[in-house]
Amino acid sequence: GAVVSQHPSWVICKSGTSVKIECRSLDFQATTMFWYRQFPKQSLMLMATSNEGSKATYEQGVEKDKFLINHASLTLSTLTVTSAHPEDSSFYICSASGPGSLSREQYFGPGTRLTVT
Amino acid sequence: GDSVTQMEGPVTLSEEAFLTINCTYTATGYPSLFWYVQYPGEGLQLLLKATKADDKGSNKGFEATYRKETTSFHLEKGSVQVSDSAVYFCALWGSNTGKLIFGQGTTLQVKP
């Protein structure tokens, strides 16, 4: 149980275009979803936290107009990188947590490798 | 604020050697502690967890004990295998922040 999927697993796009990454909880209702960014050989950096049906809360230094997050249902959150540039190339990982006692545990997706050329 | 510090890697061991990866934390309130493992090109997998002091988390031969007096959660395994080669992240869930805070990760390489 507690499986989280991401799509696509990798994507290459041209500078200036937008890319959407989907994160789905397959077998539980995710009241909260998290988006992380990971640079090579580094730890995960939390970008934003989203609760179903409400606006995402962004971490300091993360541009909310550039990284659009939508959490429209209890099983789906999307991250859209708008007007992507090469410096946005990174590994993006989502995670999801459930309600109540499950809220402390996060289940991670397999990640999406974004390369902007 | 909450923080997690892991020993720097990489850690290189021979197969069947004993593994310890140190992890210490700073937190207010009553954090839960986790070890995650990341294999090359993949996301994170939960390895084990402990939710209160003196709890011992264990999975796949790995163990870690939540030590409040030393604010530590060291990861141990008695006999590592080549397949254990990965990056290991110590993390805490802050009861005050509701966020998962990660250590910097420790790369383990096990040689046959």
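Residue numbers start from 1 in every chain, and the chains themselves are labelled A, B, ... in the order their sequence lines are given, proteins ahead of strands.
- Nearest heavy-atom pair across Phe91(A) and Gln38(B) is CE2-NE2, 3.8 Å.
- In this structure, Ile21(B) is a member of the same hydrophobic cluster as Leu33(B), with clusters built from ILVMFWY side-chain heavy atoms closer than 4.5 Å.
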Sequence neighbours excluded and cut-off under 3.5 Å, please list the side-chain donor-acceptor pairs for residues 7-14 of chain A, or say none.
none

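- The cluster map of Ile, Leu, Val, Met, Phe, Trp and Tyr, joined by side-chain heavy atoms under 4.5 Å apart, puts Tyr36(B) and Val87(B) in the same cluster.
- Looking at Leu46(B), the atoms closer than 4.5 Å to chain A (heavy atoms on both sides) all sit in the side chain, from C-beta outward.
- Residues of residues 101-112 of chain B placed with any heavy atom under 4.5 Å of a heavy atom in chain A are listed by number as Phe102(B), Gly103(B), Gln104(B).
- Separation of atoms CG (Leu100(B)) and OG (Ser95(A)) is listed at 7.0 Å; rounding is to 0.5 Å.
- Among residues 44-75 of chain A, the residues having any heavy atom closer than 4.5 Å to a heavy atom of chain B are, in sequence order, Leu44(A), Leu46(A), Glu59(A).
- Between the CH2 atom of Trp93(B) and the OG atom of Ser97(A) there is a distance of 9.0 Å, given to the nearest 0.5 Å.
- What you find for Phe89(B) and Gln42(A) is that their closest heavy atoms are CZ-O, 4.1 Å.
- Heavy-atom contacts from other residues, nucleotides or ligands closer than 6.0 Å to CD of Glu16(B) number 12 or fewer.
- Both Leu48(B) and Tyr25(B) belong to a single network of hydrophobic side chains, linked directly or stepwise wherever heavy atoms of I, L, V, M, F, W or Y lie under 4.5 Å apart.
- Hydrophobic clustering, with ILVMFWY side chains joined whenever heavy atoms are under 4.5 angstrom apart, groups Leu44(B) together with Tyr36(A).
- Within residues 53-65 of chain B, no residue has any heavy atom under 4.5 Å from a heavy atom of chain A.
- Neither the backbone nor the side chain of Gln45(B) has a heavy atom closer than 4.5 Å to any heavy atom of chain A.
- Contact of Gln6(A) with chain B is not made at all, since no heavy-atom distance falls under 4.5 Å.
- Within a 6.0 Å radius of CD in Glu8(B), other residues, nucleotides and ligands contribute 12 heavy atoms or fewer.
- Hydrophobic clustering, with ILVMFWY side chains joined whenever heavy atoms are under 4.5 angstrom apart, groups Leu75(B) together with Tyr66(B).
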